[in-house]
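Okay, so here's the structure we're looking at.
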Amino acid sequence: MSDIITSCLQLQKNISTNRIVVKEINGCDGSFIVNCVISYCIKQNSPLLIVSSHNSITHYHNVGLRMNHNLFKSCEAGVIDYFDFGDATLTNIMEYAESDQLLIDVLKKIEEMQRNHDTVNIIFDGITHLLDLQYTLQEVNKFCSEIIEIAAKSKNPFVIFHCNDVMEDDANHCLANLLSHKAQTVVEVENLSSGLSSDVSGHLTIKYPGNKFNEEHIHTVDMKPKKYLYKLFDRGVKLLAPGTV
Amino acid sequence: MRSFRKFIDISTHINGTKVKNNLPYVSSGIPSLDHIVGGGIPAGSIFVVEEDVLGVYSKVLFKYFIAEGVACDHELFVTSLDEDPHKITSELPQPCALPPEDEKAPSTDAEKMKIAWRYEGLSQVESSFGSNTNLGHNFDLSRYIDADTIEKSKIQYGTTTWQDSTLSWQTTMRRGKLKSALFHKLLRNIYETVLRSSGTNMLRLAIHSLGSPIWMAMDSDDTEFQNYGRDLIMFMYYLRILIRDKNVAVFITIPSHLYEDPIIMKKVLYSAHNAVRIESFAGSEKETNPVYKDYHGLFHITKLTALYTLVPFVPPSLDLAFKLKRKKFVIEKLHIPPELEETSEREQDDITATPSTACGGFRKKDIDF
């Protein structure tokens with residue numbers, strides 16, 4: 001059931017450095033997309049680095065057990081690696097160490113993985129937390145650009161930035177827009193405005209800004225986004241066309 | 001070699017917990033609250049209560065959480081700057097074996113409704129939640145736990161005081177560092193408490209009125225207004241990181257109504273896992289609205305996160321109200337009483353018949369799928 005998400009993200013296509021941004025709007029939780037991508041990488045045996053600053057690896061592992069994959073086992077096999085950014089920051093503050101080195105540590109981790117694998121895919125979960133930790137917008141933007149640049153040294157990797165868009169006049173929104181400008185695929189997840197529902201979990205909108213430079217879309221002035229409703233299950237996600245509940 | 005192994009989690013043996021999705025859940029002390037948030041408060045999560053304007057009912061919830069911890073013999077960490085935490089723990093509701101009985105006013109013959117015979121055999125509509133839960137204790141608000149029991153319980157008190165509110169931990173804004181000594185000291189307290197905790201027992205962290213004016217004193221003195229709330233947001237994030245995947249449940253009350261900028265609370269709640277908001281009728285026009293005469297306020301569910309699972313809990317209803325009875329705090333589904341009196345007013349002019357909440361006011365355009 002997670003295949004529909006990965007096909008929407010065009011992970012199967014050989015796109016050079018496929019940059020994907022997942023935006024959480026209106027307090028919606030978009031971590032199910034990260035779970036689907038992890039499931040895809042494990043099944044395809046595709047190396048993946050998870051930089052987690054919002055959800056823990058144990059959370060992804062437990063969700064993955066229900067989705068029929070074992071994240072810890074893949075980590076032991078060396079296919080998946082992770083960098084707990086949140087934990088590293090907390091350790092720094094408790095031990096009175098400087099946290100300037102952390103971003104460099106993340107880049108070094110990517111390079112280390114690239115020495116062992118031809119392709120290294122990257123997921124940065126909760127990139128907007130860097131703004132909460134008083135990194136400036138410029139620093140975070142530059143950091144993301146460096147991640148993309150280093151990732152591009154691999155063969156057709158994908159890089160996913162998972163961010164929380166709080167409100168329009170906020171730095172988080174600016175960061176989400178900056179990343180969207182760099183992205184080939186932008187996924188927006190949003191809660192239902194009318195409240196919670198047991199039939200539908202939320203709205204999912206997918207935009208492909210990267211496609212506008214493709215030959216088939218070069219004469220298209222305004223590419224329409226694809227809008228879906230999504231329903232979360234224990235074992236995956238189902239996408240529905242609007243109105244077909 | 002088997003690909004999957006079943007988790008054998010020792011937390012199944014922790015008193016006062018129930019395992020769900022490979023995660024121990026603890027009771028908040030209020031069965032109806034446990035029911036509407038998905039069975040309790042999961043370990044490794046932060047539960048935020050956005051306080052009512054006077055902070056009366058949020059303090060009741062706070063006391064329930066601590067009392068439940070005392071009853072289950074859990075480790076406790078209690079802190080508050082607005083009130084002496086020792087005073088709070090001296091007024092914890094006493095556990096009782098059976099649910100405290102509801103007070104029922106004697107009904108007169110005039111009040112008895114006539115019901116059609118075909119409906120006489122049907123059971124009464126259940127408005128309350130959590131009546132048949134097997135997690136947690138029942139408490140009697142009219143009686144307090146005795147001082148000896150409190151003394152013997154595993155309660156640790158936070159060492160932050162209001163005198164720390166004007167102290168600066170960092171003189172300049174440094175990346176990742178908390179500026180206020182208050183937040184830094186509390187974080188360090190909690191860090192050391194979590195490290196010291198055995199891991200074989202639940203640790204309950206209870207922080208009362210986090211983000212009240214005492215906590216924000218340093219930010220208020222700051223000349224750069226965009227720094228207002230930064231320490232609170234950072235503290236919540238660090239707390240989230242600190243307690244995740246551990247046998248720690250955090251219960252925080254925050255006076256969110258004091259924050260004009262909605263961005264601050266949204267960022268604070270982004271780090272929380274579950275959140276509710278209490279809207280008390282005291283002092284508002286709803287206090288005299290006959291529709292709400294049976295309740296003391298509305299209870300809003302602000303956030304429910306899926307932890308260790310893909311699917312977040314969907315509560316049975318979002319139209320919730322609460323009442324503080326003499327012996328217990330109850331959350332119920334909001335029911336609009338029937339309008340039985342004949343009036344000369346036109347229905348569309350009768351503003352008391354239809355509340356501003358969504359209950360009973362369903363329109364097709366409200367549904368967005």
Side-chain angles (χ1 to χ4, degrees), chain A residues 24 27 29 31-32 35 53-59 61-63 65-70 73 84 86-87 89-90 92-94 98-100 102 128-129 132-135 139 164 166-167 169-170 172 192-201 203 229 232-237 240 242-243 245, chain B residues 3-7 21-23 44 173-179 184 187-188 191-192 195 226-227 230 233-234 236-242 244-245 261-264 266-267 269-271 275 301-316 318-319 358 365-369:
Chain A
E24 297 174 330
D29 185 5
S31 61
F32 68 92
N35 283 302
S53 72
H54 189 63
N55 290 310
S56 69
I57 290 301
T58 314
H59 165 75
H61 169 72
N62 278 283
V63 174
L65 287 178
R66 289 170 175 269
M67 294 175 75
N68 232 15
H69 65 255
N70 191 321
K73 190 165 179 267
D84 198 330
D87 202 49
T89 316
L90 180 66
N92 275 356
I93 188 177
M94 288 292 114
E98 291 300 324
S99 42
D100 292 342
L102 281 179
T128 41
H129 277 304
D132 296 338
L133 297 173
Q134 296 304 300
Y135 287 91
E139 284 169 338
N164 180 43
V166 178
M167 279 179 82
D169 52 347
D170 178 58
N172 285 21
L192 299 172
S193 54
S194 53
L196 299 173
S197 167
S198 52
D199 296 320
V200 172
S201 302
H203 296 283
L229 299 166
L232 294 171
F233 296 94
D234 266 347
R235 299 187 182 279
V237 186
L240 309 153
V245 175
Chain B
S3 300
F4 304 106
R5 55 185 171 87
K6 189 176 177 184
F7 259 62
N21 298 327
N22 203 27
L23 193 60
M173 302 285 287
R174 292 172 72 184
R175 201 172 295 119
K177 304 288 192 281
L178 293 160
K179 188 178 176 192
H184 183 91
L187 185 66
R188 180 148 285 277
Y191 180 76
E192 287 163 2
L195 282 183
Q226 65 264 24
N227 294 332
R230 70 173 280 272
I233 294 166
M234 212 187 300
M236 284 294 290
Y237 175 65
Y238 283 135
L239 186 62
R240 179 191 171 97
I241 300 297
L242 179 58
R244 61 185 187 183
D245 305 326
D261 188 358
I263 291 174
I264 297 175
K266 284 186 185 242
K267 288 188 175 181
L269 291 183
Y270 184 51
S271 294
I301 298 177
T302 320
K303 181 177 181 181
L304 290 173
T305 300
L307 206 55
Y308 285 20
T309 179
L310 213 51
V311 189
F313 177 73
V314 177
L318 287 181
D319 296 318
K365 69 180 179 73
D366 287 340
I367 197 168
D368 56 352
F369 57 84

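These values consider heavy atoms only, across backbone and side chains, with no hydrogens, waters or symmetry-generated copies. From a predicted model like this one, the values you see are computed outputs, not experimental measurements. Just so it is clear: chains get the letters A, B, ... in the order the sequence lines come, proteins before strands, and each one is counted from 1.
For the pair B/Leu269 and B/Ala275, the tightest heavy-atom approach, listed with the atom from each and the gap, is CD2-CB, 3.7 Å.
Heavy atoms closer than 4.5 Å to chain B are found in the side chain of A/Asp84, but not in its backbone. Proximity to chain B involves both the backbone and the side chain of A/Ser53, based on heavy atoms less than 4.5 angstrom apart. Interface remark: A/Asn35 contributes side-chain atoms only to the contact with chain B (heavy atom separation under 4.5 Å). Contact of B/Ile233 with chain A is made through the side chain alone, with heavy-atom distances under 4.5 Å. For A/Ser201, no part sits under 4.5 Å from any heavy atom of chain B, backbone or side chain.
Using a 4.0 Å cut-off between charged nitrogen and carboxylate oxygen, B/Lys266 and A/Asp170 do not count as a salt-bridge pair.
If you tally non-hydrogen atom pairs under 4.5 Å between each of A/Leu232, A/Asp87, A/Asn164 and chain B, the highest count goes to A/Asn164. Residue with the most contacts toward chain B among A/Asn172, A/Leu196, A/Leu90: A/Leu90 (heavy-atom pairs, distance under 4.5 Å). Listed options A/Thr128, A/Asp234, A/Val63 were ranked by heavy-atom pairs under 4.5 angstrom with chain B; first place goes to A/Val63. Put simply, of A/His129, A/Met167, A/Arg66, A/Glu24, the one with the most heavy-atom pairs under 4.5 Å next to chain B is A/His129.
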Side chain to side chain donor-acceptor pair (under 3.5 Å) assessment of A/Asp132 paired with B/Tyr238: CA-CA 10 Å; A/Asp132 296 338; B/Tyr238 283 135; over 6 Å; no

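Side-chain atoms of A/Leu102 and A/Asn92, non-hydrogen and from C-beta on, do get closer than 4.5 Å to each other.
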